[in-house]
Amino acid sequence: MPQYNPPLRDMQFVMHELLNAVDELKMMPRHKDVDADTLNSVLEEGGKFAAQVIFPLNISGDTQGCKLDQATHAVRTPDGFKDAYAAYVEGGWPSMVCDPAYGGQGLPVLLNQCFFEMLNSANQAWTMYPGLSHGAYACLHEHGTAEQKALFLPKLAKGEWSGTMCLTEPQCGTDLGLLRTKAEPQPDGSYKITGQKIFISAGEHDLADNIVHLVLARLPDAPAGSKGISLFVVPKFKVGADGKIGERNGIFCSGLEHKMGIHGSATCQMVLDGAVGTLVGQPNKGLNAMFVMMNAARLGVGNQSLGLTEVAYQNAVAYAKDRIQMRALSGPKAADKPADPIIVHPDVRKMLLTARAYAEGGRALAMYCALLLDKEHASDDEDERKDAADLVALLTPIVKAFLTDNGWLATSGCLQVFGGHGYIKEWGMEQFVRDARINMIYEGTNTIQALDFLGRKVLADNGAKMRKFGAMVTEFVEEEGTDEAMQEFVNPLADLGEKVTKLSMELGMKAMGNADEVGAAATDYLRVCGHLVFAYFWARMAKIALAKQDSGDPFYTAKLHTARFYFAKLLPETAGLIRSARAGMAPLMAMEEALF
């Protein structure tokens, strides 16, 4: 059976030593009373919930899956999921980062990031239910009317109701401009919505009393394409002005998707038949409002793979220390045993260290983005809010694509460590791999993230956002450039920064001649930039570890070894990626379609 131990020590390292989060948060009026003891205490309790309540349901939930009653359209989640959700609500976890005006605790987003990483390690499928509710809450909090906020936010904040986003339709995936769902205005100001949605995570379940669907649809006079999309809030049960649940609304689950992974998460085909909803935001501006939830979901999906990377690593390490197989090439390391533990073999160590480096680098990036969100939402300095928003926008596609690509590589490598036992279900590893592969696809495929990153986040503003991150890299390189002990980290970071600047300019020039050049280079380019971001954080973590390596705490020794592995074995991947990006579109587009 697999195991999971919340990585509290590393989270505290990133929070307190790398990000200096308490001092940063105290500068925000909303968080002026925060302290390290509170943050650590919440993390510890969150880890207990993840490890003790939902982790034991992971394999059984995957085996059992969700069940749809075709007659009633009701979905039953796996055994134990409903009780775990009730414990989640009773513990006050849904309200942790929500606005106190709507029953929330107003704690930092940074805490929520750490908590949800642990939940994703423990049980990604279960975590999708509350995770989507946070996105629906955020969207309505920013774009809802006063009446919508009063009706829905307190229930979402408490976890009594859950939320979804209903975007995709059978004829359109990422290209939402093709959606056909219709919204007909009614005399009372509401709308009757008719259409079909697919791939709706948590679209129907038995965990909460009501489900608040955020639905994209078209008004009768809407212009074609993405400029004609409006957003509506459509509850599963109608809600009266007094907030009480009324009759069943015309939205129901017509089928469940049979997926390769996350079986405990109900992925629904939804039918809307005159479902009553109310407009969120402005007519034909629904996509802009929905991006609040979509961007939150993209950060959340990166966090899913971060969680899987961590739990896969933990189990692979435990197995590698215990499993004996052959002798080390340099001679026996466990002379008292008939063979050596496989952790002595270099390639096993490479797979383990790859997962560790991607987990710890991903954690640093994800927690940094969460702190940026705290600044964007809670700082009283307008310039700081703007800078934070720009950096979050820049880094979101990297979190989604780079962390999920890395999660796939890491979980696959960790399964490989187990050899034949890796694809046997009771060890848990094959489930981590199946779940991780899904994360590269939904909430915008990683290719879509790459196109968004290069096309919109870098080239569209002539590199303004990218230069903000580049300035951070330059400042760090200049500060540490004369420290001999830091050269092994600073020099490759500086070198890659210069290469990214040059590559960005080259691709910008090519794109002016032919926009397909963006599509040809985008995936390689995002991965190069992902490594630049990781290299920056790993160099900063190495600086801290160097200063404390003689403290007697093996944590810092391990951190330093992992940093050296990252720079020596993983960062060099960028050389091939840069060469591939520069190769351009010709090798991809020269072949005629008929020859495929």
Side-chain angles (χ1 to χ4, degrees), residues 2-8 10-11 15 39 42-62 77-78 80-98 105 107-137 156 159 162-163 201-202 205 207-208 261-266 296-315 359 362-363 366-367 369-370 399 403-404 407 411 428 431-432 435-436 438-439 443:
Q3 62 183 22
Y4 174 62
N5 297 302
L8 299 178
D10 198 54
M11 288 178 174
M15 186 178 293
L39 298 180
V42 173
L43 281 182
E44 184 176 349
E45 291 303 312
K48 290 177 182 177
F49 179 84
Q52 298 173 13
V53 178
I54 67 168
F55 182 64
L57 303 174
N58 194 41
I59 289 182
S60 61
D62 180 70
T77 55
F81 272 41
K82 186 173 183 177
D83 289 341
Y85 187 82
Y88 168 79
V89 172
E90 184 179 356
W93 296 108
S95 65
M96 186 161 62
V97 297
C98 295
Q105 300 175 53
L107 291 170
V109 176
L110 180 60
L111 269 181
N112 207 56
Q113 160 62 36
C114 295
F115 179 49
F116 268 77
E117 182 204 318
M118 294 186 286
L119 295 182
N120 281 312
S121 284
N123 194 326
Q124 178 179 321
W126 182 92
T127 304
M128 292 188 69
Y129 296 98
L132 286 162
S133 298
H134 272 287
Y137 169 92
L156 287 170
S162 67
S201 299
H205 56 78
L207 305 185
I262 53 172
H263 295 153
S265 172
R298 287 168 178 176
L299 292 171
V301 172
N303 204 22
Q304 289 176 340
S305 282
L306 171 57
L308 292 173
T309 301
E310 174 65 34
V311 70
Y313 166 74
Q314 289 187 18
N315 284 273
R363 182 171 298 120
M367 290 177 66
C369 287
V399 170
L403 266 61
T404 59
T411 54
Q431 182 185 347
F432 300 146
D435 290 355
I438 293 175
N439 297 341
E443 301 308 337

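Nothing here was measured: the structure is a model prediction, and the numbers come from that model.
Pairing each heavy atom of Ala436 with each of Ser305, the nearest pair is O-OG, 4.3 Å. Leu306 and Ala359 get closest at one heavy-atom pair: CD1-O, 3.2 Å. Between Arg363 and Asp10, the closest heavy-atom pair is NH1-OD2, 2.7 Å. Scanning both residues, Tyr88 and Pro94, for their nearest heavy atoms gives CE2-CG, 3.2 Å. Shortest non-hydrogen contact noted between Ile59 and Pro2 is CD1-CD, 3.5 Å. When all heavy atoms are compared, the tightest approach of Tyr129 to Ala202 is CD2-CB, 3.5 Å.
The backbone N or O of Gly307 sits less than 3.5 Å from a side-chain atom of Ser121, completing a donor-acceptor pair. The main-chain N or O of Gln3 is found under 3.5 Å from a side-chain atom of Asn315 such that the two form a donor-acceptor pair. With hydrogens and angles disregarded, a donor-acceptor distance shorter than 3.5 Å links the side chain of Arg298 to the backbone of Glu443. Trp126 places no side-chain N or O within 3.5 Å of a backbone atom of Leu57 that could act as its donor or acceptor partner. Remark: side-chain polar atoms of Asn120 are paired, donor with acceptor, to backbone N or O of Phe116 under 3.5 angstrom. With Ser133 contributing its side chain and Gly163 its backbone, the two residues share a donor-acceptor pair below 3.5 Å.
Gln124 and Asn439 share a donor-acceptor pair across their side chains, judged by distance under 3.5 Å alone. Side-chain polar atoms of Glu310 and Gln314 form a donor-acceptor pair below 3.5 angstrom. Counted by atom type alone, Gln105 and Ser95 present one or more donor-acceptor pairs between their side chains at under 3.5 Å.
Rounded to the nearest 0.5 Å, atoms SG (Cys114) and CG (Leu39) are 9.0 Å apart. Here CG of Asp62 is found 6.5 Å from CG of Asp435. Values are rounded to the nearest 0.5 Å. One distance of note links SG of Cys98 with CE of Met96; it measures 9.5 Å at 0.5 Å rounding. Rounded to the nearest 0.5 Å, atoms OG1 (Thr127) and CE (Met118) are 11.0 Å apart. To the nearest 0.5 Å, the span separating CG on Asp83 from CD on Glu90 amounts to 11.0 Å. To the nearest 0.5 Å, atoms OG1 (Thr404) and CD1 (Ile438) are separated by 12.0 Å.
In this structure, the ring of Tyr85 has its center no less than 6.0 angstrom from the ring center of His205.
Inter-residue side-chain proximity for Leu132 and Ser162 is flagged as unmet; no heavy-atom pair is nearer than 4.5 Å. Within the 4.5 Å cutoff, no side-chain heavy atoms of Phe55 are placed close to those of Asn5. Contact annotation: the side chain of His263 never approaches that of Pro78 to less than 4.5 Å [non-hydrogen atoms, C-beta and beyond]. Side-chain atoms of Phe115 and Leu110, non-hydrogen and from C-beta on, never get closer than 4.5 Å to each other. Using a 4.5 Å heavy-atom threshold, the side chains of Val97 and His134 count as touching. Side-chain contact between Phe81 and Asn123 is present, with heavy atoms from C-beta onward closer than 4.5 Å. Using a 4.5 Å heavy-atom cutoff, the side chains of Gln304 and Met128 are in contact. Residues Leu43 and Met15 form a side-chain contact, since some pair of their non-hydrogen atoms from C-beta on lies under 4.5 Å apart.
None of Val42, Asn112, Leu119 except one satisfies the side-chain contact (heavy atoms from CB on, under 4.5 Å) rule with Trp93; the exception is Val42.
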